[in-house]
Amino acid sequence: MEDSFVTHTPLLPGHGGMPDDLLGARWQDWVEAIAQSYRALKAKHGTVHLAGVCLGGLVALEVARQEQHSGRLALYAPPMFLDGWSLPRLTRARHIVYRIPGLAERMRVPEAEPFGIKNVRLRKIIQQRFERGERFHYPYVPLACIREVDRLRRHLKPRLADIHCSTLIVHAAEDDITSPRSARYLQQHLGGPVEYMPLNNSYHMVMVDNERNQVLERSQRFFSRPALNTTPASNTHWGALAPA
């Protein structure tokens, strides 16, 4: 019988509305929202896998740690370091801004080219949608949201060895948001077996860029294999977290 996957994509608090909705969201809120969904799926189906893109990858790591996750975990461009080549100067100087009370809440980090995408045709479509004012993606994020990402990164770093599940990391060599340093760091510090899929023709948004079909194929193979210390189920839930 072929493997079947029922996907479940919870919406992280602060996402899916207006950019300022992110001002009230802490990293603990993101983790708890996904942990609740994880526990509900675990009770219903037994076998649950986790996946996350960008911020979703960091959230998935913390949920895997808290829940002692024994299924599989896939991380797509996880930003253990915000050191990509396209980040605006404001982002690089953000730690200075954090020290000034209230300033991070007032400052905005705009969404700008290349939008995490190397594919020229897709980038043009995104630019046109922004120009038309379509509400398909946040045009900016408050710097306070990035501060929460930084807090989650700092929380995770000394605790990565507590995560023992089988993990797949997909990361582009030219990632414009977070360099492959993030993938290498996770390889060195996670407590379980790690598979690494490097990409050579994509930027940050690996799920939609030039190598998306290869990423999908590798992900399907990864999730189809039995997880460590789990009993295979007729239906496997893959809990895919919302991207940042």
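The analysis underlying the following values was restricted to heavy atoms, covering all of them including side chains, and did not include hydrogens, waters or symmetry mates.
Classification of the Trp27-His155 ring pair by plane angle, with boundaries at 30° and 60°, yields tilted. The aromatic rings of His49 and Phe223 lie tilted to each other, with the angle between the two planes from 30° to 60°. Ring orientation note: the planes of Tyr98 and His95 are nearly perpendicular, at an angle over 60° on the 30°/60° scale.
Electrostatic pairing of Arg153 and Asp150 counts as a salt bridge here, judged by a charged N lying under 4.0 Å from a carboxylate O. Note on Arg218 versus Glu195: salt bridge recorded, some NZ/NE/NH1/NH2 to OD/OE distance being below 4.0 Å. With respect to Arg147 and Glu105, a salt bridge is recorded, a charged nitrogen being found less than 4.0 Å from a carboxylate O.
Listed here is the closest heavy atom pair of Leu122 and Val208: CD1-O, 3.1 Å. Scanning both residues, Ala51 and Tyr76, for their nearest heavy atoms gives CB-CE1, 4.0 Å. The two residues Glu148 and Ala25 make their nearest non-hydrogen contact at CG-O, 3.6 Å. Considering all non-hydrogen atoms of both residues, Pro13 and Leu22 come closest at O-CD2, 4.3 Å. Scanning both residues, Ile177 and Ser86, for their nearest heavy atoms gives CD1-OG, 4.1 Å. Of all heavy-atom pairs spanning Ser182 and Pro79, the tightest one is OG-C, 3.9 Å.
The distance from the NE2 atom of His164 to the CG atom of Leu73 is 13.0 Å, given to the nearest 0.5 Å. Note that the NE2 atom of His8 and the CD1 atom of Ile34 stand 7.5 Å from one another [nearest 0.5 Å]. For the atom pair CG of Leu160 and OG1 of Thr167, the computed distance is 10.0 Å after rounding to the nearest 0.5 Å. One finds the CZ atom of Arg65 at 9.5 Å from the CD atom of Gln68 (value rounded to the nearest 0.5 Å). Once rounded to the nearest 0.5 Å, the distance linking CG of Leu216 with CE of Met207 reads 7.0 Å. Taken from OG in Ser219 to CD in Gln214, the straight-line distance is 11.0 Å, to the nearest 0.5 Å.
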Checking side-chain contact (heavy atoms from CB on, under 4.5 Å) for the pair Lys118/Asn201: CA distance, chi angles, key distance, verdict?
CA-CA 7 Å; Lys118 189 173 186 178; Asn201 193 27; 3.5 Å; yes

For Lys124 and Gln127, run side-chain contact (heavy atoms from CB on, under 4.5 Å): C-alpha distance rounded to whole Å, both residues' side-chain angles, the deciding distance at 0.1 Å, then the answer.
CA-CA 5 Å; Lys124 184 176 181 180; Gln127 182 64 50; 5.6 Å; no

Does the pair Arg108 and Val141 meet the rule for a side-chain contact (heavy atoms from CB on, under 4.5 Å), with working shown?
CA-CA 6 Å; Arg108 299 175 174 181; Val141 295; over 6 Å; no

Apply ring pair (Phe, Tyr, Trp, His ring centres under 6.0 Å) to residues His137 and Phe115 and explain how you reach the verdict.
CA-CA 11 Å; His137 188 79; Phe115 309 114; 8.3 Å; no

Do Glu211 and Val206 pass the side-chain contact (heavy atoms from CB on, under 4.5 Å) test, and can you show the C-alpha distance, the side-chain angles, and the key distance before you say yes or no?
CA-CA 7 Å; Glu211 295 160 292; Val206 298; over 6 Å; no

Residues Asn210, Ser202; criterion side chain to side chain donor-acceptor pair (under 3.5 Å); working and verdict
CA-CA 6 Å; Asn210 290 318; Ser202 301; 5.6 Å; no

Check the pair Asp20, Tyr140 against side chain to side chain donor-acceptor pair (under 3.5 Å), reporting the backbone distance first and the verdict last.
CA-CA 9 Å; Asp20 284 352; Tyr140 69 88; 3.2 Å; yes

Take Gln66 and Glu62, measure what side chain to side chain donor-acceptor pair (under 3.5 Å) needs, and give me the verdict at the end.
CA-CA 6 Å; Gln66 289 186 9; Glu62 178 60 9; 2.8 Å; yes

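Residues satisfying the side chain to side chain donor-acceptor pair (under 3.5 Å) criterion with Arg123, sequence neighbours excluded, are absent altogether. Not a single side chain to side chain donor-acceptor pair (under 3.5 Å) links Arg26 to another residue, sequence neighbours left out.
Met18 and Phe136 are assigned to two separate hydrophobic clusters, defined by single-linkage of ILVMFWY side chains at heavy-atom distances under 4.5 Å. One hydrophobic cluster, built from ILVMFWY side chains closer than 4.5 Å, cannot hold both Leu55 and Leu23; they sit in different ones. Ile100 is connected to Val109 through a chain of hydrophobic side-chain contacts under 4.5 Å among Ile, Leu, Val, Met, Phe, Trp and Tyr, so both are in one cluster.
For the side chain to side chain contact (heavy atoms under 4.5 Å, CB included) criterion with His171, the lone passing option out of Leu186, Thr178, Leu199, Leu75 is Thr178.
Sorted by first and then second residue, the ring pair (Phe, Tyr, Trp, His ring centres under 6.0 Å) pairs involving residues 192-216 (not counting sequence neighbours) are Trp85-Tyr203.
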